[in-house]
Structures are given as C-alpha cells and as structure tokens.
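Below: the structure, in structure tokens.
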Amino acid sequence: MLKNFDFSSNLIHWYEENKRDLPWRHTQNPYFILLSEIILQQTRVQQGLPYYYKFIHNFPTIFDLAKAEESEIYQLWQGLGYYSRAKNLHLCAKQLVSLYQGSFPENYNDLIKLSGIGPYTASAILAFAFNKNVVLIDGNVYRFISRLWSINELINTSKSLRIFNELLLHYLPKNQSNIFNQAIMEYGALICTPKQMKCGICVFQSQCISFKNNEIDQFPVKKKNIIKKNRYFTYFVFIENQQLIISKRVVKDIWQNLFEFPLSEEESLSDFEKSEFYRENKLKYSKEPNFVITNKKHILTHQNIFSRFVIYDFIPKEFKNNQKFKQIFINQIDDYPFPVMMNEIIQQIKIGLYL
DNA sequence: TATGCGTGGCC
DNA sequence: TGGCCAAGCAT
C-alpha cells in the first residue's frame, strides 16, 4: 500500500512539472469555475475550451449570464452537445442571483440544490474555488485509482463512490484540495488514459497493482453494452422568396429546444426506403422536389440517425401562419441553434445552392 | 438504480 | 470503419 506521503507528494510533484496551462487554473472565481465544470462535463478540454472563452467573453459575470436571453445561451452552446446543460446553467445563474445575490454558497448541500449542479460539480466548486477538503470522483479518478489499487468494483454506483471517496480522503493533504484534485484528474487525462496508457513514464508504476498483474485493461470495471437505436428522418426544406420553414424541437427527445426543418420520422428502414416524400398526414405534393439529399448518417451515443433532406422551391399553405412552424429569411438562420447534423445543408442553403 | 442526453477524436 | 471514450446530471 502506498504511504500517504508518497502518493500525495509524488502526484503533486508530477503535476507541477507536467500540468497543462488551462485558463480556469488561473482563477478561484467560483463563477468561472462553474462555467468550466459545466462545459467540461463529458467533454474533452480541447472541445470545451473555445466555448469557455466565448462564455466568459459574452457573460463576464454571473449577473450577465443570469439576465441573458435563453436563446443567447443556446446560440453560444450550439455544437457542444448535451444541450440541457445550457438550460440548467442559465437557471443556475438566475438561482444564484435571486437566492444569494450572485455569490456562491460554500457548502455541498446548498450547491447541489442548484440546477445542473450534481455531486461532482458541487465538490469541484468547493475544491477549486474555496479549497475545501473534499475529493472529486470523476471518470479520470475512477480509472486511475481503480488501476493503481486494482479495485474490482463497478464504477458509478453509490457503493464504489463511497469506497473511492474514503480512500482518497485518506490521501488528501489538508488544505491542498485545489491542487490535489486537479493533479489526480490531470494524471488520469494525460498518463493513466483509457487507451495507450503511458505506463512507461508513470511515476507510480512500481506500486501499480494492476500493472504488476498485467490486467490494466480490466479497469475500471464498467457496465457496458449500450444498445443503439436506428432512427430514420426525412426533413422537408421549403424555400420560397428567400424564406424557409423551421420548427423548434419541444418534445422530450434528442436536441430539445434546438431548431430543425419539418420532419417526418419513419419507424423502420423499409418504411424509410419505400416511402414517397410524404408527411404524417400523407399529403403528397403535386410537384416533385427540386433536390433530394440522401444517405446522411449521424452517430449519437445511443442512436444512429439516418437522414435525408427533401428540398422544394415553394412553401405549402399549411406551413404558413402555423404556430408549430416558423417562417424566417435565409439570412436569419444563424440566429437559431441547429444540431450539428444540419450544418452542411444550412451552409448550402445560405450560399444559395437550392435557389 | 437505470436510462437518455451530443459531439468529436482516436485507432 | 465502427465502437469506445470524455471534468455528469436529471428523471
């Protein structure tokens, strides 16, 4: 077993020598910490970084964020994924302003009541903004620590959380929670990586149980086998006089609160393939579409979306003055957040390819 | 406790 | 290439 002093001091020493220069490591401002933690949920640093800069530039204080329009938040979040984070971040800012005059509570129980803040983010704020004596358990920690001590316990359960929490609290140097937690996550991100782990340069190699047993790839213990569902989307792009029809996804489903074109979803591949270009009401248009773009596949974590775009040079009557749909000018399209899947076709619409 | 939620990078 | 993976949370 690693001695208390060995693990913490070796880890922190490694961190000081090898850490990346990331902007949120230069601040203890709880608002900036909050922003970075929400953005980095299930997201790599490289992907989240530009969004962090965008948000602190557009909303330099929690008050700016709280009083922003929800549409502005979505607009900035566009392309980052997991869009409920944007909504909850906004709600959280409003709650902090109304309940705490824009300051942050410095205890776990109050933090976790805020929208979008769960056990990890609450602890992260306590550690990084207030240097409280808490430990963070995220994917990096589960991986690094389960390998080091060969902890054969299914991760992301209340039991494993308890085990890891207790173990790490034992090693946490008092009043160094800020640096200790950054260090352990950085080690997981840079050395004890999911694949191609850098055991050759790992400063804990001689003490790593799973390395000694040649079973590193068996940790962390995860539940696997997510089942992917195939879905079949036909989008109708109606363009007339530089205007087109869009609609907001209001149902509880992927891309909630983002925009799209009028959609017909088929239940199966055969339905998708055999269907003429019709909508749910089976309406057929007398005119053939000007363009049909097929075989677009978009991969999500739990779903494969097969899509095609059917483009017409007119707007049917039932889409005009219809509350479920919105008629906008092509040059306004950037004011609305769309799923990344639509980027290509939107670009083509904007340059007038389908006029 | 189990499931759904995006996107991009990696091999 | 398809599957896995990344600083979780809400329900």
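Lettering of chains follows the sequences in order, A, B, ..., and the numbering in each one begins at 1.
The CD atom of A:Gln42 sits 13 Å away from the C1' atom of C:dA10 (whole-angstrom rounding). The distance between atom NE2 of A:His90 and atom P of C:dC9, rounded to the nearest whole Å, is 20 Å. The CE atom of A:Met185 sits 14 Å away from the P atom of C:dA6 (whole-angstrom rounding). The interatomic distance linking A:Ile155 (CD1) with C:dG8 (P) rounds to 10 Å, in whole Å. Between the CG atom of A:Leu190 and the P atom of C:dA6 there is a distance of 13 Å, rounded to whole Å. Separating the NZ atom of A:Lys223 from the P atom of C:dC5 is a distance of 16 Å, rounded to the nearest angstrom. Atom CD of A:Gln41 is separated from atom P of C:dC9 by 5 Å (rounded to the nearest Å). Across the protein-nucleic acid pair, A:Asp217 atom CG and C:dG3 atom P stand 20 Å apart, rounded to whole Å.
A:Asn156 comes within 4.0 angstrom of nothing in the nucleic acid, heavy atoms only. Contacts of A:Leu80 with the nucleic acid, taken as non-hydrogen atoms under 4.0 Å apart, include base atoms. Note on A:Gly79: only backbone sugar-phosphate atoms sit closer than 4.0 angstrom, heavy atoms only; bases stay farther off. Using a 4.0 Å heavy-atom criterion, one finds that A:Thr43 contacts the bases of the nucleic acid, with or without backbone contacts as well. Using a 4.0 Å heavy-atom criterion, one finds that A:Ile254 contacts the sugar-phosphate atoms exclusively. A:Trp77 comes within 4.0 angstrom of no nucleic acid atom, judged by non-hydrogen atoms across all strands. Among the protein residues, A:Leu136 comes within range of no part of the nucleic acid, since none of its heavy atoms lies under 4.0 Å from any strand. A:Gln46 comes within 4.0 angstrom of no nucleic acid atom, judged by non-hydrogen atoms across all strands.
Side-chain atoms of A:Arg85 and base atoms of C:dC9 include no donor and acceptor less than 3.5 Å apart.
Here, B:dG8 and C:dC9 have their P atoms 23 Å apart, quoted to the whole Å.
Ring planes of A:Phe164 and A:Tyr142: perpendicular class, angle over 60° (limits at 30 and 60°). In this structure, A:Phe338 and A:Phe261 have tilted ring planes: the angle between them lies in the 30° to 60° band.
Place A:Gly81 and A:Thr157 on DNA chain B by their nearest nucleotides, and A:Thr157 ends up nearer the 5' end. Between A:Gly116 and A:Arg20, it is A:Arg20 whose nearest contact on DNA chain C lies nearer the 5' terminus. Residue-to-nucleotide proximity on DNA chain B shows that, of A:Leu258 and A:Gln196, the 5′-proximal contact is made by A:Leu258. Residues A:Leu114 and A:Val141 both approach DNA chain C. Their nearest nucleotides, taken by heavy-atom distance, put A:Val141 toward the 5′ side.
The six-membered or imidazole ring of A:Trp149 lies near that of A:Phe7, with a centre-to-centre distance under 6.0 Å. Taking the six-membered ring for Trp, A:Phe180 and A:Tyr171 have ring centres at least 6.0 Å apart. A distance below 6.0 Å separates the ring centres of A:Trp77 and A:Phe55.
First and last contacts of DNA chain B with chain A, using any nucleotide atom under 4.0 Å from a protein heavy atom and ordered 5' to 3', fall at B:dT1 to B:dG8.
Side-chain atoms of A:His298 and A:Asn304 include no donor-acceptor pair closer than 3.5 Å.
For C:dA6, the OP1/OP2 oxygens have a side-chain nitrogen or oxygen of A:Lys222 closer than 4.0 Å.
A side-chain contact (heavy atoms from CB on, under 4.5 Å) with A:Ile346 is found for exactly one of A:Gln348, A:Glu344, A:Lys350, namely A:Lys350.
No cation-pi contact links A:Arg143 to A:Tyr187, judged by a cut-off of 6.0 Å to the six-membered ring centre and 45° from its axis.
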